There are 2 protein chains.
Amino acid sequence: MSTIKQVASQAGVAQSTVSRVLNGGSVSKRTQERVLHAIETLNFKPNTLARSLATNRTGTFGMVVGDLAGPFFGSLMQEAEAVIRQHDKLLIIARGNSRATGEREAIEYLREKRCDVLLLQVDELTDAELIALSKDIPIVVMNRHIPELAGQCVYLDNQLGAELATSLLIERGHRHIAHLSGPMTRRDSQQRVAGFHAALARQPHPLEPAAIVEGDYQVEGGYAATCKLLADGVRFSALFSANDNMAIGAIEALREHNLRVPDDVSVIGFDDVFFARHLTPKLTTIEYPVAELGRIAAERALKLMDGTLEPTGLAPLAPRLITRESVINHQDADDTHI
Amino acid sequence: MSTIKQVASQAGVAQSTVSRVLNGGSVSKRTQERVLHAIETLNFKPNTLARSLATNRTGTFGMVVGDLAGPFFGSLMQEAEAVIRQHDKLLIIARGNSRATGEREAIEYLREKRCDVLLLQVDELTDAELIALSKDIPIVVMNRHIPELAGQCVYLDNQLGAELATSLLIERGHRHIAHLSGPMTRRDSQQRVAGFHAALARQPHPLEPAAIVEGDYQVEGGYAATCKLLADGVRFSALFSANDNMAIGAIEALREHNLRVPDDVSVIGFDDVFFARHLTPKLTTIEYPVAELGRIAAERALKLMDGTLEPTGLAPLAPRLITRESVINHQDADDTHI
DNA sequence: ATCATATTTGGAACCGTTTCCAATATCAAA
DNA sequence: TTTGATATTGGAAACGGTTCCAAATATGAT
């Protein structure tokens, strides 16, 4: 590995001059050529570490996600990384585990690595904590809306998504609709529940929820919650699951109780993860534009570095209904078990 | 952010002494206490960049994977990161895109970041290229066996996996078995094909493959390849797909041609990705212990750093048959379409 | 107390870059 | 030419640590 010093002596100039051609200072055409030639022949690559130490900027973005595996975060990382990479920056990722201590540790870790910006998908930290953090280091908040940090938040309109889902079920003639929610400590769960209520209430003859049962956003939780619903004797012809994972569990639970999907019970999910279209029946769901989320968050982060970020808030991302096979008209059901 | 200099003056010692208590040099108990106290009150955290510049070691491991999304690489990253993190090192990840140039760029990128070790999951680079690379920088090779780099390779016995799958189908009475392979440029595809052949040949009355058709390891490729199989009029009662993704596509194609799975055609996959158990029918498949792969690769990488890696090769990881619903006895099929 | 030896400490060079400041070269106008 | 302004260059001090070497101090045996 050759150093700037070697390049300088090879080209017969001072270190500072080499540095200037590297970073676009003013150098004469002649010396510029000489230096570039020396760089070429020595195959010189500036040492990132030394540069970072001198400039106090690392060109590294840090991202905190709940989990490294899983289709949702996978797409998020994939897209954000692509954008950031295009700008010759590095994205490093730390897992927050969806627990407050884990999230704090992850942030601490990334700061120790001297990231220039942080992209955060955190569920457990308070708004106040994030606002305080943003005074120390530039941050972009994903999947969450904090009014004080308007320009730095990229998030989905969860309530709208839930309304879309619920409205579809109502339109299809369902009157007894149950909701399988995420953990109620989480804001997105709350918003989806709110959307569920809103859609029911908006009807000419407002409907009551058949039931709302809390899950954990995992397949197992969806399975367990649905079993509970059935054990409690709740009557419903349609189920709105707050995410696709739980919808899988729900469908399996229904099947085991000899209820067919969608003939006996219609099911709608949320997220449109990769495998939703490959389930049987193909899952009707709400698309969560997660790739777009990743892209926009990365772009905001880049602007935050430039200082070109206007602090006006962005409109939330729009969820979209994806109609497949798991929801049918209530009257079409050939065995109206309700 | 406080510096080592401040700590030194606060504690009334030299910088070098502070450095010693940080890195475990010999210091008297008394001064050690003074220094630790100063570190505490100043909330001093050593600057990683400066340290790396001085020591020429970054404590960073680099990993190249084909893709950031996707269940397979997700688990791999997840597990490797956990292990590496436990040892207070950082894992950074670059996407190789399963193309030679992409893989080279990813490696180049990680080297520029001055990673201490590289964990590589690369399909397109030649053995020779990797052997050459390993002279420059310590590497661990995943999913691939290079005899010259025995101790640094962690890989699955693909052929055994394919034999397991094929043997199951044979045991279940199938005699016309088709194979949906991965891209034949890839070694794992070749090995799985070899295993397929080996299992067929090992029978008292050796069987011929009904067909071998090449896919791309994606759902779409599996779908297309299966359609082709059917269009060509190939007769088969069982299909061995070289991975679960393609098995999904295959099942969808079969359905569209009014063939039921498993009643008309048994299907077995490979990998046991997360959603395999959630398909209908639940997919019988070969477990690829990818988490274990990630863990072992990370451990090897750590040893490589210590210099405690004994160069003796490891036994390949063992695939395992996971029996679910998508394979049944041939004679049980209620409509023997062959 | 003395000496030899082992342990602890301080000082300074170094890692590879950027950047500030002063020095020099260049050039157009007087 | 000289002058002044401007563009280009070199030198040296950072950035925040580690590490080598020599000096200082402590330890223990005689």
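Quick caveat: nothing in here was measured; it's all calculated off a predicted structure. Proteins come first, then strands; the chains are lettered A, B, ... in the order of their sequence lines, and each starts at number 1.
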Please produce a list of atom pairs where a protein N or O lies less than 3.5 Å from an N or O of nucleotides 24-28 of chain D.
none

Quiz prompt | Full working for side chain to side chain contact (heavy atoms under 4.5 Å, CB included) between B/R144 and B/V154 | solution = CA-CA 7 Å; B/R144 184 157 168 173; B/V154 188; over 6 Å; no
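- Residues of residues 1-12 of chain A that place a heavy atom closer than 4.0 Å to DNA chain C, in numerical order, are A/T3, A/I4.
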Quick test: give all pairs of protein nitrogen or oxygen and nucleotides 5-7 of chain D nitrogen or oxygen below 3.5 Å, distance rounded to 0.1 Å.
none

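- Atom pair A/R114:CZ and D/dC15:C1' shows a separation of 11 Å (rounding to whole Å applied).
- B/T58 is linked by a side chain to side chain donor-acceptor pair (under 3.5 Å) to B/D116, counting only residues two or more places apart in sequence or in another chain.
- Between the P atom of D/dC15 and the CG atom of A/N56 lies a distance of 10 Å, rounded to the nearest Å.
- Stacking of A/R104 on the aromatic ring of A/Y109 is not recorded, the 6.0 Å distance cut-off and the 45° axial limit not both being met.
- Every residue two or more places apart in sequence or in another chain was checked for a salt bridge (charged side-chain N to carboxylate O under 4.0 Å, His left out) with B/E103, and none qualifies.
- Residue-level contact check: A/K29 touches neither bases nor backbone, having no heavy atom under 4.0 Å from any strand.
- Residue contacts shown for A/T31 are limited to sugar-phosphate atoms, with no base heavy atom under 4.0 Å away.
- Partners of B/R99 according to the salt bridge (charged side-chain N to carboxylate O under 4.0 Å, His left out) rule, which considers only residues two or more places apart in sequence or in another chain, do not exist here.
- B/S189 pairs by the side chain to side chain contact (heavy atoms under 4.5 Å, CB included) definition with B/P183, B/M184, B/R186, B/Y217, not counting sequence neighbours.
- Residues that satisfy the salt bridge (charged side-chain N to carboxylate O under 4.0 Å, His left out) test with B/K45, not counting sequence neighbours, are A/E108.
- Checking A/D123 against A/Q121 by side-chain atom types alone, a donor-acceptor pair falls below 3.5 Å.
- The side chain to side chain donor-acceptor pair (under 3.5 Å) check on B/R34 picks up nothing, with sequence neighbours excluded.
- For the helix from C/dA1-D/dT30 to C/dA30-D/dT1, the end axes, each set by the C1' atoms of five terminal pairs, are bent relative to each other by 40° (nearest 10°).
- Using modelled atom types, one finds a donor on one side chain and an acceptor on the other under 3.5 Å when comparing A/T31 with A/S28.
- Smallest separation of non-hydrogen atoms from B/Q152 and B/S134: OE1-CB, 4.5 Å.
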Atom pairs under 3.5 Å: protein N/O with N/O of nucleotides 19-21 of chain C:
none

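- Using a 4.0 Å heavy-atom distance criterion, B/V18 is classed as making no nucleic acid contact.
- Take B/K303 and apply the side chain to side chain contact (heavy atoms under 4.5 Å, CB included) test, not counting sequence neighbours, and it matches B/T308, B/L309, B/E310.
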